[in-house]
Amino acid sequence: MFEASLAQSAILKKVLDAIKDLLNEANFECTDDGIKVQAMDNSHVSLVSLELRSDGFEKYRCDRNLSMGVNLASMAKIMRCSSNSDKVTIKAQDDNPDKVSFIFESSNQERISDYEMKLMDIDADQLGIPDTEYSCVVKMPSAEFARICKDLNQFGESLVISCSKEGIKFSTSGDLGSANVKLAQTTDADKDDAVTIEMRSPVTLTFACRYLNHFTKATPLSSQVQLSMSDEIPLLVEYRIGDMGCIKYYLAPKIDD
Amino acid sequence: TTTQKTIHNYFEWA
């Protein structure tokens, strides 16, 4: 038996919006600790790692570890049938379920709807993600990061991110011309609009702008985003999901031949 | 020119 409830479906809708364009399907691994999803996009250029801890749910029960193969477009369709303020309960009866139920309850309890979704067999092994001490870790407003990715995507396919003591610079160029956005570190680190940089050594890396734009679908989840970079390894873009978990995107760099 | 690397270039199967 698996059962997990959230007081408001809005958070689950945002989580799904953050991954559904990048991934077609994924296994939701449910354990006593919570729900984890790890999956790569079709081209295996990026990897999504999602964690929702059990203590962040209003109610959570997972008698046996289970893996639910989910078509994310189908789940998104179902989640769109909920109101943001609805309580949502995810329920699977068997230890090896072939379907999962979503129950939405309005705040006044006057409307209860349930949707059953067929599960899939997804043959996907997990990847081991090495612990890394990154050369640069930048925290910045998530809306600013989304704006930069959107603006610069108009100029070129590749985005160069350079990080140094002075700040972080995003650059691109293409047929139309070139574009640069520089952000300096702010003095007040506690505010939502703060830009903070922890640097061991400066880094310059090139990434496909298209994927970065996909990652910014997570913007509604968190006011801040964290970018972690080291030379010639994947960029880590991380959004917190309240106090209950986080969504991490890894993006393989483009390397000069 | 630049080459797009894949995740497999960096992360191993667990």
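Lettering of chains follows the sequences in order, A, B, ..., and the numbering in each one begins at 1. This structure is a prediction, so every number in the text was calculated from the model and none was measured.
- Inspection of the A:D257 and B:T3 side chains reveals an N or O donor paired with an N or O acceptor under 3.5 Å.
- Taking every heavy atom of both residues into account, A:S43 and B:T6 meet most closely at O-CG2, 4.3 Å.
- The CD1 atom of B:I7 sits 8.0 Å away from the CD1 atom of A:I129 when rounded to the nearest 0.5 Å.
- Annotation: A:D63, atom CG; neighbour count of heavy atoms from other residues, nucleotides and ligands within 6.0 Å is above 12.
- Rounded to the nearest 0.5 Å, atoms CG (A:L127) and NE2 (B:H8) are 6.5 Å apart.
- We find the OG1-CD distance between B:T2 and A:E157 to be 9.0 Å, quoted to the nearest 0.5 Å.
- No side-chain heavy atom of A:E232 sits less than 4.5 Å from a side-chain heavy atom of B:K5.
- Centroid-to-centroid, the aromatic rings of A:Y250 and B:F11 come within less than 6.0 Å.
- Counting heavy-atom pairs closer than 4.5 Å to chain B, the top-ranked of the candidates A:L47, A:T206, A:V45 is A:V45.
- The 12-atom threshold is not exceeded at CZ of A:R240, counting heavy atoms of other residues, nucleotides or ligands nearer than 6.0 Å.
- Distance check: A:I255 CD1 to B:T1 OG1 gives 12.0 Å after rounding to the nearest 0.5 Å.
- The number of heavy-atom neighbours closer than 6.0 Å to CG of A:D55, taken from other residues, nucleotides and ligands shown, is above 12.
- In this structure, CG in A:D125 is found 6.0 Å from CH2 in B:W13, a value given to the nearest 0.5 Å.
- If you take CD on A:Q126 and CD on B:E12, they are separated by 15.0 Å, rounding to the nearest 0.5 Å.
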